[in-house]
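Notes to accompany the following structure.
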Amino acid sequence: MTPDKEGIQKVIQEKLARVRDLVAAADRVAVLSGAGISAASGIPTFRGAQDSMWSRYRPEDLATPEAFARDPELVWRWYDWRRELIAASGPNPAHTALARLEDHTDMTVITQNVDGYHQQSGSRKVLEFHGSIWRIRCTACGDEIEDRRVPLPIPPRCDKCGGLLRPGVVWFGEGIDPDIMTGSTVAVSESRVLLVIGTAGMVHPAAGLADLARANGVPVCEFNVEASLLTPHVDIFIPGDAAETLPRIVP
Ligand code: BJW
Ligand code: ZN
C-alpha cells in the first residue's frame, strides 16, 4: 500500500471507530437505506451506470403513474426483470451487519428499497418507504396481495375482478403511506444516531429524513461510495462499498 492509501485507510478506520462508539452508546438507532446497499447483491442502482437494456430509461420515465397509464407492459417488463434479479440474489454483508446490530440496540430500518433484503437478512423493524416489489395491487378494485411469481404473466390481471394489476410500490407524484411516514419521522427524531446508507439523497420526502435528524440534534453518519446530495450536511461520511464498511461498525 502506498503511504497515501495507508493514510486514507487510517482516516476511514478512525471514522468507523467513531460510528461504532456512537452506535454502541445508542439505545435507539435509525437507518435510512437506498439502492446502494443492495449494489453488492448485484441489484442495479437507479442513477448509476447500468449495463442493461434499461439503462436508457431514467426512473422518472418508468416509475410514474403516467408511464404506467401510457404503457403498462413496458413498466411491467421493467419490474419483472428486477423481480427476477432480486429473486436470484439475496442480502449482502451490509444487510447482515444491520441485522446483527439489532442484538445491541432498538433499531428501525427505513428503506427506500423494494427488494425485501433487510427482512430477509433478519431485520425485524423495517419500514418500506416506497413499498415492496413483491406486492401487487388491482387498479380497479384496490385489492392488494403478495405475489412472488417470477416471471409474471404480463400484464398481470386481478383474480377477483380481471382488472389491471400494478406493482405495490410508490411512484413519483404518489404519497407515502401515512403510517409509514409517521413511523419514519418518529423513528428518526427519537433516535440517538441516524445511519444513511447508499442513497443519492435526490428523492423526497425520504431525503428530508436526514434534515429532520439534524434538526433534532441526531448525528447523521453516511455510508456511500461517493458524495451524495446529503454529504455536505452529515456529521461523519464513510466512503466505500457499504458491504465492506458496515460490518466494521458492529460492536
Ligand atoms: C453505494 C454503493 C455501494 C452505489 N455502497 N453506496 C422536494 C423537492 C423536489 C421534489 C420533490 C420534493 N418533494 C417531493 C418531490 C417530488 C418527487 C421527487 O423527489 N422528485 C425528485 C427526483 C426531484 N417525490 C415524489 O414524487 C414522492 N412523492 C411525493 O412527494 O408525494 C407528494 C404527495 C403527497 C400527497 C398526495 C400525493 C402526492 C414519491 C417518490 C417515489 C420514488 N419512487 C422510486 C421508485 C420506487 C419503486 C421502485 O423501486 O421501482 O423510489 S424512484 C427511485 O428513487 C426509488 C428509490 O427508492 C428512490 C431513491 O433512489 P436511491 O435509493 O437514492 O438510488 P440512486 O440510484 O439514486 O442512488 C444510489 C446511491 O448509492 C448513490 O449515491 C451511489 O453512490 C450509492 N452507491 N453503490 C454504498 N456499494
Ligand atoms: Zn381487482
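When a ligand or atom number is given, it counts from 1 through the structure's own listing order. Sequence positions, counted from 1, serve as the residue numbers for this chain.
- Atom numbering of ligand 1 starts at 1 in the shown order; those under 4.0 Å from a heavy atom of A39 are 78 (N), 80 (N).
- Ligand 1 is approached by G173 to a heavy-atom distance shorter than 4.0 Å.
- The contact set between ligand 1 and D241, taken as ligand atoms under 4.0 Å from a residue heavy atom, comprises 3 (C), 5 (N), 80 (N).
- Of all protein N/O/S atoms, those lying under 2.8 Å from the Zn ion (ligand 2) come to 4.
- D61 and R58 are joined by a salt bridge, as a carboxylate oxygen and a charged side-chain nitrogen come within less than 4.0 angstrom of each other.
- The shortest distance between side-chain heavy atoms of H95 and S38 falls below 4.5 Å.
- For the residues V196, I176, I197, V170, the heavy atom positioned nearest atom 45 (C) of ligand 1 is part of V170.
- Residue W78 places no N or O, backbone or side chain, under 3.5 Å from any N or O of ligand 1.
- When each of D27, D106, D21 is checked for a salt bridge (charged side-chain N to carboxylate O under 4.0 Å, His left out) with R192, only D27 meets the rule.
- With ligand atoms numbered from 1 in the order given, ligand 1 contributes 6 (N), 69 (C), 70 (C), 71 (O) to contacts under 4.0 Å with heavy atoms of G198.
- Both the backbone and the side chain of V225 come within contact range of ligand 1, each with a heavy atom under 4.0 Å.
- Under 4.0 angstrom from ligand 1, the non-hydrogen atoms of E174 all belong to its backbone.
- The aromatic rings of Y57 and W54 are tilted relative to each other, their planes meeting at an angle between 30° and 60°.
- Ring geometry, W171 versus F68: the interplanar angle falls from 30° to 60°, so the pair is classed tilted.
- Residue W171 has at least one heavy-atom neighbour below 4.0 Å for each of these atoms of ligand 1: 39 (C), 41 (C).
- Under 4.0 angstrom from ligand 1, the non-hydrogen atoms of V169 all belong to its side chain.
- For atom 8 (C) of ligand 1, the nearest non-hydrogen atom from the set H130, H204, E226 comes from H204.
- Heavy atoms from both the backbone and the side chain of A200 come within less than 4.0 Å of ligand 1.
- In this structure, of P178, A35, G131, the residue bringing a heavy atom nearest to atom 62 (O) of ligand 1 is A35.
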